[in-house]
Q: 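Here it is, the structure in full.
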Amino acid sequence: MTADRKKPYPFDEFEPAWQKRWDEEKTFHVGNPGEPGFDATRPKRYILDMFPYPSGAGLHVGHPEGYTATDIVSRYSRRVGYNVLHPMGWDSFGLPAEQYAIKTGQHPAVTTAANIDTFRRQLKMLGFSYDWEREIATTDPHYVCWTQWIFLRLYNSYYNTELKKARPVSELVEKGWTREQIDSVRLAYVAEGLVNWSPDMGTVLANEEAEEWRSKGFTIERRKLRQWMLRITAYAERLIDELEPLDWPESIKLLQRNWIGRSTGAEVRFTCGSHVITVYTTRPDTLFGATYMVLSPEHELVDAITTPEQKEAVDAYKKVCAEKSDLERTDLSKEKTGVFTGAYAVNPVNGEQIPIWIADYVLTGYGTGAIMAVPAHDERDFEFATKFGLPIIQVVQPDDPATPWQDFCGYEGVMVNSQHLNGLTVTQAKAAMIEWLEKEGHGCGKVNYKLRDWLFSRQRYWGEPFPILWDKETGLHEALPESELPLLQPEMEDFKPSGDPRGPLVKAQNWIHYSERYTRETNTMPQWAGSCWYYLRYLDPHNDEAFVSPEVEKYWMGSSGNPGGVDLYVGGTEHAVLHLLYARFWHKVLFDYGLVSTNEPFNKLVNQGLILGEDGQKMSKSRGNVVNPDDIVREYGADAIRLYEMFMGPLKEVKPWATKGVEGISRFLARVWRIGMVENQEGAWEVSAKLTEQDLGATPARKELHRSIKKVTEDIETMSFNTAISKMMECTNAMTSAESVCVSDYVGLLHILNPFAPHITEELYSRLCVSFPALPTAQLALQPWPSYSEELLVENTREIVVQVNGKLRDKLQMAADASKEELGQAALASARIKEFTDGKTVRKVIVVPGRLVNIVAS
RNA sequence: GCCGGCUUGGCGGAAUUGGUAGACGCGCUCGACUCAAAAUCGAGUUCUAACGAGUGUGGGUUCGAGUCCCACAGCCGGUACCA
């Protein structure tokens, strides 16, 4: 590749010039309600990108994919009359900056600032129409302040299960709750529990993150530690139910639904001597088939019920389980293990004594950590019972007689061996059994969720410190006064993880010491904290009085005239269950307090597909197939990379990169350029004589333009950018092959191409303005979107396909409004058709007006 | 295993939602321009010599199926004993 390939059009000159102009003139800045010049009667569109983590590697080609898509919609939306909020910012806390800092000794704030500068430069280089006045960074003290403020709101709240919303804990104080009781219901609370601890990273991780880091090669162990948790489980029901009406991909909704994992069933109380053991089951209908019970090895009653004879075996088994890693424990291929406790429980439905076992296939964190085992109708119980010779009793007779009843887990059956349930269907029996349990006081119907509370503390330096103080006397925690926010990390030389589960801030002795009575919490928040609410801060990024002013929030997030919330949110699938679940949770808490207008933050979500390397593999440094946007912009220009990424295929699909494809796009843009420009003797570009102010009438080029305006308008609305671009290529080809092109038609093409390729279109238009003073001088970006003429779309003749027995045999040129009869007769009269129908009887003639005629003959 | 998605020329992908399969682009071939090349412009390009065949495979519905239904296969993603 030669360093100085001749540019097919001078993008290297005009692209930076337009970017500079947009920047200096703040062309894409939008005000807020109440500000001068802001027309709040216009409808709004909030078009949002998932903000990037500004890594040291800079932008990769995946970023401009989603960003170009939202930019096109934003630019288009402004031109059809919306106030458009289209912001960008930085998710700038994060582990890599901290690790880099540890390695180089440079403060993470310094590297973060440098990385942000790179990202900003790269994004500006692509000509995105962000309102840079609203830029935010999660590491900015003015931002941290409000992240901590929202945390304190969580800390000071509990979930009122009757109202189904968050309420201040002060209510409970008034009701006379004790401090301990209140601490046990806070939305942000401290708990000791088994957590994912990574000795390599010296921090704990959320369940949601653990697998990801493990796959990157980090060691993750289960450790019992005291940690801050967020009570997201309180919102489990709403997080499932309120997901339903959202305009999100079904697959993402499903992913979230599965992650939250709602199941309905019952809790059943079994007695074991003086103890009561509660189990959770989704199949209360099979209670008569419960032949044994299993507790998780960590269950609190294990030691109490174990008989002296079994004590040794039970202790040994518990020890083995505790030493097992998570991975070993969940390895499905392994055989089931377990030991008998020697104890028996009484099945409340029939008074039968059933043996109690412990086994690690019963998980401690789900349900009650204890199950009733119905080996006849549960695969796992069946395997266990078979291995240990436990009895198996059939209670469901499958409807399909061919199905063996052993280990039949389906619902299509009738109850047997179940006394009063006999003859009922599974569904009926479930309801009947729950009713019986509730009446007899042996249990109750119960909804259960897989979702666990969110482990919210990290042992890192580069994160928001918790605004929490610990009382040395009482050992209790308290909120830092809001007036002291933001609470920033102390300046430290050494913030390496020390292996101390309290985190590196422990080493900042002066900082920890708050007063004689109080010390500071040393944990920091996870990176998710900042990204949980950033979309709200864009609304009012410089407000020091509130995280967002109510008036501003109401306009941009309100539901007047549209569904409300963020109108379009584009990003990758990798955030399906993390960011998108966490942000919904925080938003709901804020909604419960009336601080935001909608119960959901993101009304419409679109996932862009991954861009693979040229070799069809995922891009990665180790494979050496990473494409750097800087290189592409240098070689082909910003418009070319924007357009190429949209032309590759549907936004949502996974697709491989092909630099040859960028060349094709570059050729297309060069053709657009050369319709209006010719190079003179001196090598300078001037307006071509091909353009004329004369009205040439309904030329093929003009018709093609109007078809393109229609298609491109529709395609932007449905985000089918690839087909919009093909249509504009066809239009360009029509204008290229025309002898002469009417300036207004050429300008029409520039108008619709403008959101896709803003630089070249503005450049061409500004040059045309000089030669054709009748043109409005405003930038295309600030002019209304063009409309098309219906008349020019109408063709008066149509090509009619004639089929014989469904096979294409002839094509006829017919008047567009030809009747069914006319079309049928013309088809039968065709000589070509006669050849095929010769000697046959015409049974039927099907006519689709304007399209085809099918003759059925035999 | 379970859940979801995808499968159309040499390649990326179109197809008015049941009506001409292969738009548009890449690549390739040929031609024009050129001393030559690049760039550009023009013609062609699903397979087949042809009859015909053809949208992962097999069946079905229909005058007509890439599109609808049933079964199966392959690839990609999510999830992992959640009772």
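In the text below, chain A, chain B and the rest are named by the order of the sequence lines, each starting its count at 1.
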Q: Hey, are A:Lys710 and A:Glu714 close enough for a salt bridge, meaning a charged N less than 4.0 Å from a carboxylate O?
A: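 Judged by the 4.0 Å cut-off on N to carboxylate O distance, A:Lys710 and A:Glu714 do form a salt bridge.
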
Q: Please classify the nucleic acid contact of A:Lys450 as base, sugar-phosphate, or nothing, using heavy-atom distances under 4.0 Å.
A: base

Q: As a test of the definition: with a 90° window around 0 for syn, would you call B:G9 syn or anti?
A: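 Syn conformation for B:G9.
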
Q: Please classify B:U46 as syn or anti, treating any glycosidic angle within 90° of 0 as syn.
A: anti

Q: May I ask which nucleotide in the shown strands pairs with B:C51, Watson-Crick or G-U wobble, both distances under 3.5 Å?
A: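 No nucleotide pairs with B:C51.
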
Q: If you look at every strand shown and take non-hydrogen atoms under 4.0 Å, does A:Leu255 touch a base, only sugar-phosphate, or nothing?
A: sugar-phosphate

Q: Sticking with atom C1', work out how far B:A65 lies from B:C70, rounded to a whole angstrom.
A: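 Approximately 15 Å lies between the C1' atom of B:A65 and that of B:C70.
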
Q: Taking atom P in both B:A14 and B:G60, compute the distance separating them and give it to the nearest angstrom.
A: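 One P to the other, the span is 31 Å.
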
Q: Closest approach to the side chain of A:Lys811, judged atom by atom: which nucleotide of B:U20, B:G25, B:A53 is it?
A: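 Closest nucleotide among those given: B:U20.
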
Q: Quick one: is B:G27 close enough that its OP1 or OP2 comes under 4.0 Å of any side-chain N or O from A:Lys660?
A: yes

Q: Compute both the distance and the angle, then confirm whether A:Arg283 meets the cation-pi test with A:Tyr411: under 6.0 Å from the six-membered ring centre, within 45 degrees of the axis.
A: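 Yes.
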
Q: Measure NZ/A:Lys655 against C1'/B:G77 and give the value in whole Å, please.
A: 15 Å

Q: Does A:Arg667 make a side-chain N or O approach to OP1 or OP2 of B:G27 shorter than 4.0 Å?
A: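 Answer yes for this pair, as a side-chain N or O of A:Arg667 is under 4.0 Å from OP1 or OP2.
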
Q: Under 4.0 Å between a side-chain N/O of A:Arg674 and OP1 or OP2 of B:C41, yes or no?
A: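 For B:C41, OP1/OP2 do have a side-chain N/O of A:Arg674 under 4.0 Å.
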
Q: Select base, sugar-phosphate, or nothing to describe what A:Asn805 touches, counting heavy atoms under 4.0 Å on all strands.
A: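 Answer is nothing: A:Asn805 stays at 4.0 Å or more from every strand.
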
Q: Rounding to a whole Å, what distance do you find between A:Leu651:CG and B:G12:C1'?
A: 15 Å

Q: Ignoring backbone atoms, test whether A:Asn722 places a side-chain nitrogen or oxygen under 4.0 Å from the OP1 or OP2 oxygen of B:A14.
A: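 Answer is yes, contact under 4.0 Å.
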
Q: May I ask you to say what A:Glu799 touches in the nucleic acid, namely base, sugar-phosphate or nothing, with a heavy-atom cut-off under 4.0 Å?
A: base

Q: With a cut-off of less than 4.0 Å, is there a side-chain N or O of A:Tyr366 near OP1 or OP2 of B:A83?
A: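 Result: yes.
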
Q: Are any of A:Ser263's side-chain N or O atoms less than 4.0 Å away from OP1 or OP2 of B:A83?
A: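 Checking A:Ser263 against B:A83: at least one side-chain N or O falls below 4.0 Å of OP1 or OP2.
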
Q: Kindly indicate whether the side chain of A:Val712, heavy atoms from C-beta on, has any atom under 4.5 Å from the side chain of A:Ile716.
A: yes

Q: Taking CE from A:Met646 and P from B:G13, how many angstroms apart are they, rounded to a whole number?
A: 14 Å

Q: Taking only the side-chain nitrogens and oxygens of A:Arg671, find out if one of them lies under 4.0 Å from OP1 or OP2 of B:C24.
A: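 Indeed not, no polar side-chain atom of A:Arg671 lies that close.
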
Q: Can you tell me how far C1' in B:G56 sits from the matching atom in B:C63, rounded to whole Å?
A: 27 Å

Q: Verify the contact: side-chain N or O of A:Asn607 to OP1 or OP2 of B:G5, cut-off strictly under 4.0 Å; return yes or no.
A: no

Q: Among the nucleotides B:C81, B:G25, B:G12, which one has an atom lying closest to any side-chain atom of A:Pro656?
A: B:G12

Q: Hey, mind stepping through A:Tyr292 and A:Phe384 against ring-ring contact (aromatic ring centres under 6.0 Å, His included) and telling me if it holds?
A: CA-CA 10 Å; A:Tyr292 64 101; A:Phe384 192 82; 5.6 Å; yes

Q: Expressed as a whole number of Å, how far does the C1' atom of B:A39 sit from that of B:G18?
A: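 My reading of the C1' atoms in B:A39 and B:G18 gives 46 Å.
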
Q: Which nucleotide, if any, forms a Watson-Crick or G-U wobble pair with B:A71, using both distances under 3.5 Å?
A: B:U57

Q: Specify whether A:Trp454 and A:Tyr582 have parallel, tilted or perpendicular ring planes, treating 30° as the upper limit for parallel and 60° as the lower limit for perpendicular.
A: parallel

Q: CZ of A:Arg257 versus P of B:G78: gap in Å, rounded?
A: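 One finds 19 Å between P of B:G78 and CZ of A:Arg257, rounded.
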
Q: Could you give the CG-to-C1' distance, from A:Asp715 to B:A15, as a whole number of Å?
A: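 After rounding, the reported distance stands at 13 Å.
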
Q: When the P atoms of B:G58 and B:C76 are considered, how many whole Å apart are they?
A: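 It works out to 23 Å between them.
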
